[in-house]
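What follows is a single structure, written as structure tokens, with notes after it.
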Amino acid sequence: MSISALRNQNSLDKLLQQVQKDDKPNTEKKSYVDERLWKPQVDKAGNGYAVLRFLPAPEGEELPWVRVWNHAFQGPTGQWFIENSLTTLNQKDPISEYNSQLWNSGVESDKEIARKQKRKLSYYANIYVVEDTMNPENNGKVMLYKFGKKIFDKLMEAMQPEFPDESPINPFDFWEGANFKLKCRNGDGGYRTYEPSSFEETSTLSGDDEALEKVWQSQHSHKEIVEPKNFKSYSELKAKLYKVLALDGSQHAPTTTAEDDDAAMDFTPKFKERTAPTQSEAPSPTYDEALPSTGSTDDDDDLDFFKSLADD
């Protein structure tokens with residue numbers, strides 16, 4: 001840098017402008033929107049419609065979806081606990097341990113707390129947006145779709161139909177898959193329901209192999225979603241849990257977990273068995289199973305609602 005350039009750069013006016021800039025409070029609200037994610041939008045009546053195509057597993061990955069467990073609840077301090085659960089990575093999680101201990105205490109008030117703090121299951125899958133009526137600029141894009149168990153059940157029903165007059169389809173197939181007509185509306189209790197959603201007849205996404213290749217190469221990695229960097233450590237989660245619930249470190253302190261050691265605590269949707277277990281073979285109910293049903297709602301909508309409250 002020349003002396004003349006330094007003279008212009010090191011002016012008093014510029015220094016004062018920088019000081020004023022540093023002292024000015026940052027009122028800009030951070031945006032945590034992931035541009036890769038597609039989310040259904042609804043009209044004023046609470047109705048939403050879109051046509052999607054679920055895509056095959058990304059190159060180098062085995063499954064066309066990935067699952068993530070998380071917790072979202074508000075403590076007596078008014079603070080929110082919204083974090084991914086380490087059980088996603090098959091690791092011990094302090095919140096699951098704490099909930100298991102509450103549930104096993106035999107005290108109904110403890111069970112009620114465990115119900116409110118139960119973990120929720122979300123899925124991520126790549127989709128091709130065929131038609132987005134509310135946001136047509138998304139048409140033709142490859143995006144990630146985050147959804148809950150109700151939508152996942154629709155996928156399982158397509159692969160394993162319940163009635164003999166229905167043929168199984170692979171909804172994630174380019175050539176013999178099918179478009180998914182996503183329909184949502186407000187159901188009983190004000191919850192959003194996706195029950196009217198259904199698959200169309202099987203069809204090829206595109207007869208042009210070059211176009212299909214482009215779609216496939218545009219998919220987003222599922223493995224990145226469950227990388228350890230996206231999860232807080234056990235000690236970090238435990239410290240936050242104690243802060244949100246105002247625990248002193250001795251009251252109901254997490255010890256061991258039933259979720260990690262007991263198969264009955266695993267609520268991953270599985271392919272239907274041909275024979276149903278007898279009543280004597282059925283596992284004892286756990287705090288996750290004891291929650292009242294919310295009808296046809298998608299659990300991921302609940303998580304988004306909790307996040308919006310926390311942001312406010």
Side-chain angles (χ1 to χ4, degrees), residues 67-122 148-150 152-153 187-192 231-232 234-270 276-307 309-310:
R67 60 178 189 143
V68 177
W69 290 102
N70 43 60
H71 289 92
F73 55 86
Q74 189 177 28
T77 62
Q79 300 180 75
W80 284 87
F81 187 99
I82 302 177
E83 297 291 345
N84 288 336
S85 171
L86 288 172
T87 58
T88 303
L89 308 180
N90 295 319
Q91 298 177 13
K92 290 185 176 182
D93 183 274
I95 301 89
S96 293
E97 293 177 340
Y98 180 59
N99 283 343
S100 295
Q101 187 168 348
L102 288 172
W103 187 259
N104 294 328
S105 72
V107 179
E108 187 57 37
S109 59
D110 285 351
K111 289 186 176 182
E112 185 60 30
I113 294 174
R115 290 186 183 102
K116 293 178 180 178
Q117 298 171 175
K118 69 162 289 190
R119 62 181 184 173
K120 296 180 180 292
L121 179 59
S122 297
K149 182 178 180 299
K150 298 302 178 183
F152 190 81
D153 286 345
D188 296 337
Y191 292 101
R192 185 176 297 178
F231 297 77
K232 285 187 170 64
Y234 182 98
S235 59
E236 289 174 319
L237 290 173
K238 184 175 180 179
K240 184 171 182 179
L241 176 68
Y242 277 20
K243 182 178 180 181
V244 170
L245 297 184
L247 299 175
D248 61 4
S250 60
Q251 179 182 358
H252 292 302
T255 53
T256 58
T257 175
E259 278 186 342
D260 292 321
D261 302 328
D262 186 354
M265 298 292 286
D266 183 7
F267 301 102
T268 307
K270 295 181 173 63
T278 63
Q279 186 174 1
S280 61
E281 294 172 337
S284 300
T286 64
Y287 79 88
D288 276 306
E289 291 175 314
L291 282 178
S293 173
T294 54
S296 301
T297 63
D298 193 302
D299 292 337
D300 193 53
D301 290 330
D302 295 338
L303 180 63
D304 289 338
F305 174 70
F306 295 145
K307 284 183 176 179
L309 291 179

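Distance check: Y98 OH to L247 CG gives 4.5 Å after rounding to the nearest 0.5 Å. Put simply, CG on D93 and CZ on R119 are 8.5 Å apart, with the number rounded to the nearest 0.5 Å. To the nearest 0.5 Å, the span separating NZ on K120 from NZ on K149 amounts to 13.0 Å. A distance of 12.5 Å separates CG of L237 from OH of Y242, quoted to the nearest 0.5 Å. Rounded to the nearest 0.5 angstrom, N99 CG and Q101 CD are separated by 10.5 Å. Here CH2 of W103 is found 10.5 Å from CG of D110. Values are rounded to the nearest 0.5 Å.
By the side chain to side chain donor-acceptor pair (under 3.5 Å) test, E83 pairs with K232, K240, sequence neighbours left out. Looking at residues two or more places apart in sequence or on another chain, you find a ring pair (Phe, Tyr, Trp, His ring centres under 6.0 Å) between F81 and F73. Every residue two or more places apart in sequence or in another chain was checked for a salt bridge (charged side-chain N to carboxylate O under 4.0 Å, His left out) with E236, and none qualifies. Every side-chain contact (heavy atoms from CB on, under 4.5 Å) that S109 has, sequence neighbours left out, goes to V107.
No side-chain heavy atom of L241 sits under 4.5 Å from any side-chain heavy atom of H71.
Shortest non-hydrogen contact noted between V244 and Q79 is CG1-O, 3.5 Å. Residues F231 and S85 approach most closely at CE2-O, 3.3 Å, considering heavy atoms. Minimum interatomic distance between L86 and K92 (heavy atoms only, all atoms of both residues): CD1-O, 3.4 Å. Residues T87 and S96 come closest through the heavy atom pair CG2-OG, 3.7 Å.
Counting only residues at least two apart or on different chains, no salt bridge (Lys or Arg N to Asp or Glu O under 4.0 Å) pair has a member in residues 69-79.
Remark: the backbone N or O of S122 is not paired with any side-chain donor or acceptor of N70 at under 3.5 angstrom.
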